[in-house]
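Predicted model only: the values in this text are computed from it and were never measured.
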Amino acid sequence: MAHEPTTDFDPLHASDSPGTTQGMLTRIKSWARDLKRDVVALWIAARSPRTPMAAKLVAGAVAAYALSPIDLIPDFIPVLGYLDDLLIVPLGIALAVRLMPAALMVEFRAEAVALAKPINRPMAMAIVVLWIVACLTAAAWCWSKLR
């Protein structure tokens, strides 16, 4: 049975060639979409009994942090605020995916496409408590220095 040759050319997105700004924007959007899907897939993997323990721990930590509505480093802090979004989360996802058996990851990614973004309320509360404690500690230290 003869196979037709396949190409990566899409006539609807012919202007999205790699050398153009539009092409770069398309690749960035695709990368962001893949990251979002992988975060949900890791959330699923962390709860699966078939996931190896090391992969489960890393996947759970990365998914909990990425799905938390509150960042450890708030985005309003210049440069550092986006550091977690641009470096820490993608590197954590890459590590968790590397620890995961490939066949399982394919399965979890397929399941992730069908799910909505999960909400991790306990992690959100933990981060809120962490920030409250940090602010109270800083306030107490400043108060002791001003007296």
Side-chain angles (χ1 to χ4, degrees), residues 1-139 141:
M1 174 158 51
H3 294 289
E4 291 185 28
T6 60
T7 65
D8 290 333
F9 180 74
D10 181 1
L12 296 175
H13 299 96
S15 65
D16 293 348
S17 63
T20 65
T21 303
Q22 189 68 19
M24 185 170 58
L25 185 59
T26 300
R27 286 193 320 268
I28 290 171
K29 285 180 181 180
S30 175
W31 179 70
R33 201 172 24 255
D34 290 347
L35 283 178
K36 286 180 183 180
R37 181 210 55 217
D38 281 354
V39 167
V40 176
L42 293 177
W43 177 75
I44 295 165
R47 287 159 175 73
S48 173
R50 299 178 299 150
T51 304
M53 187 53 71
K56 186 180 285 206
L57 293 174
V58 173
V62 170
Y65 182 75
L67 295 173
S68 173
I70 301 167
D71 286 341
L72 189 59
I73 305 170
D75 290 341
F76 64 82
I77 297 174
V79 181
L80 293 177
Y82 291 104
L83 187 64
D84 64 334
D85 298 329
L86 296 174
L87 290 176
I88 297 170
V89 172
L91 290 174
I93 291 171
L95 175 63
V97 168
R98 185 171 286 260
L99 292 172
M100 194 77 53
L104 277 179
M105 197 61 202
V106 168
E107 219 177 284
F108 295 143
R109 282 177 173 149
E111 192 175 336
V113 170
L115 286 179
K117 182 179 175 182
I119 298 172
N120 191 335
R121 294 187 201 293
M123 188 58 156
M125 289 304 298
I127 291 174
V128 167
V129 169
L130 179 72
W131 271 105
I132 290 171
V133 168
C135 289
L136 290 174
T137 303
W141 180 79

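- Minimum heavy-atom separation, Ala63 to Val39: CB-O, 3.9 Å.
- Rounding to the nearest 0.5 Å gives a distance of 13.0 Å between NZ of Lys56 and CG of Leu42.
- Residues meeting the side-chain hydrogen bond (donor to acceptor under 3.5 Å, both in side chains) test with Arg98, sequence neighbours left out: none.
- With rounding to the nearest 0.5 angstrom, the CG atom of Leu35 is 9.0 Å from the CZ atom of Arg37.
- In this structure a side-chain-to-backbone donor-acceptor pair under 3.5 Å is present from Thr51 to Ala45.
- Judged purely by atom type and a 3.5 angstrom limit, Ser30 has no side-chain atom pairing as donor or acceptor with the backbone of Thr26.
- One finds the CE atom of Met105 at 4.5 Å from the CG atom of Asp38 (value rounded to the nearest 0.5 Å).
- The two residues Met100 and Ala59 make their nearest non-hydrogen contact at CE-CB, 4.3 Å.
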Which is it for Trp43 and Arg47 under the side-chain contact (heavy atoms from CB on, under 4.5 Å) test, yes or no, and what are the steps along the way? CA-CA 7 Å; Trp43 177 75; Arg47 287 159 175 73; 3.1 Å; yes
With side-chain contact (heavy atoms from CB on, under 4.5 Å) as the criterion, how do Val40 and Lys36 come out once you've worked through the C-alpha distance, each side chain's angles and the decisive distance to 0.1 Å? CA-CA 7 Å; Val40 176; Lys36 286 180 183 180; over 6 Å; no
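- Expressed to the nearest 0.5 Å, how far CD1 of Ile132 lies from OG1 of Thr137 amounts to 11.5 Å.
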